[in-house]
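Below, all heavy atoms of this structure are taken into account, side chains as well, without hydrogens, waters or symmetry copies. Counting starts at 1 for both ligands and their atoms, following the listed order.
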Amino acid sequence: MAIGWEKEMLDLLGENKVLLDRESRDKLSKDYFWYSPVLDRQLKEKVADGIVVPQSEEEVATALAFAYKHKLPVTVRGAGTGNYGQAVPLFGGIVLDLSKLDRIVEVGDEYVRVQCGVRLGALEKHLRELGQELRIYPSTFMKATVGGFVCGGSGGIGSITWGNLWDGNVLEIAVMTMEETPRRMVISGPDLLNYIHNYGTNGIVTELKIPVSVRHDWMQSVVQFDRFEDAMLFAESVSKDDAIRKRLVCPVEWPIPSYFLPILKHLEDGAAAVLLETVDGTLEPLQAWAEKHNGRVGHIISSAQYRKTIGLSDFSWNHTTLWGLKTDPTITYLQAGFSPVLFMDQIKLIKDQFGDEVLLHFEWARNGGVVTPNALPIVRFTTEERLYEIINFFEDNGVKIFDPHTWVLNDGGRGEVGGMSKRKRENDPLGLLNPGKMNP
Ligand code: FAD
């Protein structure tokens with residue numbers, strides 16, 4: 001039975017918008033932190049005291065004012081597909097589940113305005129029916145929300161053409177502050193950087209305007225290679241060939257393709273693979289690049305089958321780790337930025353040092369305009385000490401690691417958070433938004 005603030009919150013918002021049972025609280029207090037054995041050990045017992053599921057901006061404001069009055073921590077949740085425990089309440093309090101703010105507000109010419117809880121998969125479907133499509137989206141797009149992607153993700157499918165979230169892929173957001181009377185602010189321009197990938201630590205994003213692209217017809221293909229080195233050089237050539245419009249260029253070292261059970265029968269045994277999503281009519285240039293780099297075009301999914309079968313992007317980005325975990329539960333992963341110039345040398349050093357303890361796959365992306373080999377290496381996990389030995393080796397050899405085994409923004413994907421800390425002090429004076437996730 002609800003007592004204290006829980007009872008007051010129930011009276012204020014109504015029973016269908018406040019969940020206090022243990023099962024809901026456990027389920028909605030978790031994300032995909034368990035990909036990391038380090039985070040799993042530390043986060044699996046964390047649970048919110050209550051879940052609030054608002055259905056309008058007004059109800060978000062009511063919940064925030066209530067939490068402010070009672071000094072309750074508030075952790076926002078979109079779909080809870082983040083990997084770093086970003087959506088896990090470290091100190092109890094309220095999880096604010098925004099998945100019901102799911103209205104597409106406006107579809108314009110090459111932009112869309114949505115409420116934060118709209119799922120990217122549903123948005124992509126809607127846009128394609130109208131002759132447009134998303135520019136970038138994570139491989140979890142069927143579940144993930146627009147707000148969760150902007151506040152907790154980085155890039156994904158499409159990033160090889162359009163860059164990541166920081167590259168002009170967010171135009172405007174509406175943010176609510178955590179104050180006695182929450183303010184609604186509209187943010188655009190450079191200040192957006194203080195809200196992108198901030199884990200909801202300095203405001204609640206309720207509405208977003210993002211740029212979209214004209215729709216294309218996408219062919220998917222796998223090009224196979226005897227040597228992973230050739231796969232990488234092919235991937236670099238295709239990534240830099242602006243005549244080939246593309247959404248995905250993902251070279252994968254063997255035995256990673258052996259994890260891809262649903263498409264295994266289409267893949268060559270023992271061969272490296274490059275998973276590609278390129279626009280219709282690009283088979284010829286792909287074949288030419290494949291020949292140049294000793295590869296051969298294998299499995300093809302025609303554009304007529306797009307989204308009708310499992311797609312190749314379902315094996316890319318962090319879905320690769322997911323398929324790996326199904327075969328070998330002892331694995332985990334890293335997030336790595338290789339040098340666009342020295343990546344072949346860096347790969348050799350890593351493979352010579354670690355062999356099969358580290359398996360490589362890359363998702364080429366245009367980071368700040370530079371075509372870059374980003375990677376989510378799979379690591380066979382033994383101990384935390386060994387994991388950090390591997391991380392140190394990468395960094396000593398010029399490979400930047402965005403540590404996925406921490407929930408602290410400064411130590412993981414964001415590094416410098418100066419502007420964000422200032423906004424936090426202004427927007428969340430009591431430090432109630434997702435406490436513990438950002439060191440000021
Ligand atoms: P959540 O996990 O619910 O939230 C993410 C963070 O944002 C949390 O800190 C939360 O508090 C905050 N937040 C959520 N909504 C709001 C809001 N409205 N206002 C303020 N803060 C908010 N990520 C990528 O970038 N690219 C990938 O390709 C990718 N692939 C993945 C593959 C797998 C298999 C998995 C498990 C994860 C992957 N991710 C990837 C991570 C994650 O799926 C995405 O970043 C996704 O977009 C998160 O959306 P979500 O709605 O699930 O957010």
Side-chain angles (χ1 to χ4, degrees), residues 28-36 48 54 57 60 64 73-90 94-102 114-121 123 134 136-160 164-166 169 173-178 187 195-208 247-248 250 313-326 333 335 363 365 374 376 402 404 407-409 412-414 427-428 433-438:
L28 296 169
S29 295
K30 294 197 176 9
D31 60 15
Y32 281 68
F33 60 77
W34 51 269
Y35 277 30
S36 159
E57 276 197 1
V60 173
L64 292 177
V74 172
T75 305
V76 187
R77 180 186 178 89
T81 67
N83 283 117
Y84 326 122
Q86 301 108 300
V88 175
L90 296 180
I94 291 172
V95 160
L96 196 63
D97 176 345
L98 295 181
S99 59
K100 293 282 191 294
L101 263 67
D102 60 356
V114 294
Q115 285 190 311
C116 58
V118 168
R119 288 182 197 270
L120 287 154
L123 183 57
L134 293 173
I136 63 169
Y137 54 91
S139 59
T140 45
F141 69 110
M142 291 309 288
K143 277 190 182 170
T145 63
V146 181
F149 182 42
V150 168
C151 298
S154 53
I157 296 107
S159 286
I160 183 56
N164 57 37
L165 287 169
W166 295 270
N169 287 308
I173 54 174
V175 179
M176 283 214 179
T177 60
M178 178 55 141
I187 311 286
Y195 296 90
I196 292 173
H197 198 84
N198 78 346
Y199 301 175
T201 49
N202 56 9
I204 310 295
V205 176
T206 52
E207 204 174 284
L208 306 96
R247 271 185 150 177
L248 182 70
C250 172
S313 73
D314 293 322
F315 303 94
S316 71
W317 292 87
N318 223 6
H319 267 78
T320 317
T321 315
L322 181 61
W323 290 106
L325 279 165
K326 285 182 203 244
Y333 75 108
Q335 296 179 154
E363 283 73 24
N374 290 340
L376 294 162
F402 304 93
W407 59 73
V408 180
L409 261 171
R414 267 315 281 252
N427 299 351
D428 177 25
L433 290 180
N434 212 351
K437 301 289 169 57
M438 190 215 292

Shortest protein contact, atom 47 (O) of ligand 1 (heavy atom only) | Phe149 CA, 3.1 Å
Could you check atom 38 (C) of ligand 1 against the protein and tell me its nearest heavy-atom contact, residue, atom and distance included?
-> Asn83 OD1, 3.5 Å
Measure the spacing between CE of Met438 and OG1 of Thr201 and express it to the nearest 0.5 Å.
-> 3.0 Å
Please lay out, stage by stage, how Asp314 and Ser139 fare under the test side chain to side chain contact (heavy atoms under 4.5 Å, CB included).
-> CA-CA 6 Å; Asp314 293 322; Ser139 59; 5.9 Å; no
Please verify whether a non-hydrogen atom of Asp31 lies at under 4.0 Å from ligand 1.
-> no
Given Gly82, Gly155, Ser154, Gly153, which one has a non-hydrogen atom that is nearest to atom 26 (N) of ligand 1?
-> Gly155
Heavy-atom nearest pair, Cys116 first then Leu208, reads CA-CD1, 3.6 Å
Should Asn83 and Gln335 count as side-chain neighbours, where that means a heavy-atom distance under 4.5 Å?
-> no
Which of the listed options, Val60, Thr140, Ile136, holds the heavy atom that is closest to atom 44 (C) of ligand 1?
-> Thr140
Between Val175 and Ile204, is any pair of side-chain heavy atoms under 4.5 Å apart?
-> no
Looking at Ser139, Ser159, Pro404, the heavy atom closest to atom 28 (O) of ligand 1 belongs to Ser139
Going by heavy-atom distance to atom 51 (O) of ligand 1, choose the closest among Thr145, Leu101, Asn318, Asp314.
-> Thr145
Does any N/O atom on Arg77 come nearer than 3.5 Å to any N/O atom on ligand 1?
-> no
shortest atom 14 (C) of ligand 1-to-protein heavy-atom contact is with Gly148 CA, 3.5 Å
Report yes or no: does Gly203 have a heavy atom closer than 4.0 Å to ligand 1?
-> yes
If you have a sec, work out which protein heavy atom is nearest atom 21 (N) of ligand 1 and how many Å separate them, to one decimal?
-> Gly200 CA, 3.3 Å
Short N or O distance, Leu120 and ligand 1, threshold 3.5 Å exclusive | no
Check whether any side-chain heavy atom of Thr145 sits under 4.5 Å from a side-chain heavy atom of Leu98, and report yes or no.
-> no
How far is atom 22 (C) of ligand 1 from its nearest protein heavy atom, and which residue and atom is that?
-> Cys151 CB, 3.5 Å
What's the shortest distance from atom 23 (N) of ligand 1 to any protein heavy atom, and which residue and atom give it?
-> Pro138 CB, 3.9 Å
Nearest to atom 19 (N) of ligand 1, what protein heavy atom do you find, and at what distance?
-> Val205 N, 2.9 Å
Answer whether the closest heavy-atom distance between the side chains of Thr140 and His319 falls below 4.5 Å.
-> yes
Which residue supplies the protein heavy atom nearest to atom 6 (C) of ligand 1, what is that atom called, and how far is it?
-> Gly152 CA, 3.7 Å
Tyr35: heavy atom below 4.0 Å from ligand 1, yes or no?
-> yes
Which bit of Tyr199 gets closer than 4.0 Å to ligand 1, counting heavy atoms only: side chain, backbone, both or neither?
-> both
